[in-house]
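Just below is one structure, and these are the notes that go with it.
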Number of protein chains: 2
Amino acid sequence: MTGQRTEANRPAVGVEERPEPPGLPDPLPEPAAADIRLETVLGALSDPLRLRIVRKLLLESEEFDHTCGWFGLDRPKSSLTHHFRALREAGVTRQRQYGLERRSQVRVADLNARFPGLLDLVAAWTPPDGD
Amino acid sequence: MTGQRTEANRPAVGVEERPEPPGLPDPLPEPAAADIRLETVLGALSDPLRLRIVRKLLLESEEFDHTCGWFGLDRPKSSLTHHFRALREAGVTRQRQYGLERRSQVRVADLNARFPGLLDLVAAWTPPDGD
DNA sequence: TGCTAAGTTCGACTCCACTCGTACAAGTAC
DNA sequence: GTACTTGTACGAGTGGAGTCGAACTTAGCA
């Protein structure tokens, strides 16, 4: 199943309509690229767990988005929902609903345009204790 | 008065001894450059007031450090102490005691070495409502 | 029809950051 | 000495963020 419009994947608020490959579900609500605030992004990235999420997406995702479970994070689902939403609402990631799964990807183009170099810092980051 | 060692300006913990112009008071306790953590720095910079402080230091300081009052921040002194300490303990700024005054400067070299491009983002930042 | 899996929502809890007033310490100037 | 100034220390109040369990929703499948 793809693309039908439900309450869960309604069009994102404030997102410019952009041509996309057909069949993709609409992104979940997210700030428009111009509305992404540096202080909000820095706050979202100041959490080690979220920093790890974004870094893993940058380094290991093969040009497609990934589900919550792909990250192998040892936390309850309600905690993961909280962090993935924080990243999305800050404008760091984009989430799409594929059936039951909610897949995430980093908004690389938007972030590089507004804050050049920031994602490089995240990619070069090393967690406090191993990976 | 300069340079005599009191409780208030004891040598910084974990700071490598580095040749400096004589007569400078020792820096207040701060993390060594190698111990500066990205997530801590991002957390320190996620506050608009602190972002404003660092940005003003980057853009308007004429190659010397500045006192608390130079920033013209309309907050009680105890609040400013809190924020300047947060910046220093995160490794973003260095503070030195000159008599009564405590002057701050950005650790430009250390931050550019560890997180290249980060200070450029801060300098390019624009506050939510005017300057 | 019913089961299972992915993820949300809600409420509760804890903890920390921000804010500020007040009191205090330390130089500086008279 | 006294007064003034810069800034800290401490404590309290407030709000928000992180954590989690439990109940719920939805899609896919047998």
Results of ring pair (Phe, Tyr, Trp, His ring centres under 6.0 Å) for Phe115(B) - residues two or more places apart only | none
All salt bridge (charged side-chain N to carboxylate O under 4.0 Å, His left out) counterparts of Arg37(B), not counting sequence neighbours = Glu39(B)
Taking the nucleotide of DNA chain D with the closest heavy atom to each, which residue, Leu100(A) or Glu101(B), is nearer the 5' end?
-> Glu101(B)
For the atom pair CD (Glu30(B)) and OG1 (Thr93(B)), what is the distance rounded to the nearest 0.5 Å?
-> 8.0 Å
For the pair made of CD in Glu89(B) and P in dC18(C), what is the distance, rounded to whole Å?
-> 12 Å
Return the minimal non-hydrogen interatomic distance between Leu28(B) and Arg88(B), and the atom names on each side.
-> CB-CD, 3.7 Å
In B/S/- notation (B base, S sugar-phosphate only, - none; protein heavy atoms under 4.0 Å), nucleotides 8-24 of chain D written 5' to 3' is BB--------BBBBB--
Would you check if there is a donor-acceptor pair between the side chains of Gln105(B) and Arg94(B) at a distance under 3.5 Å?
-> no
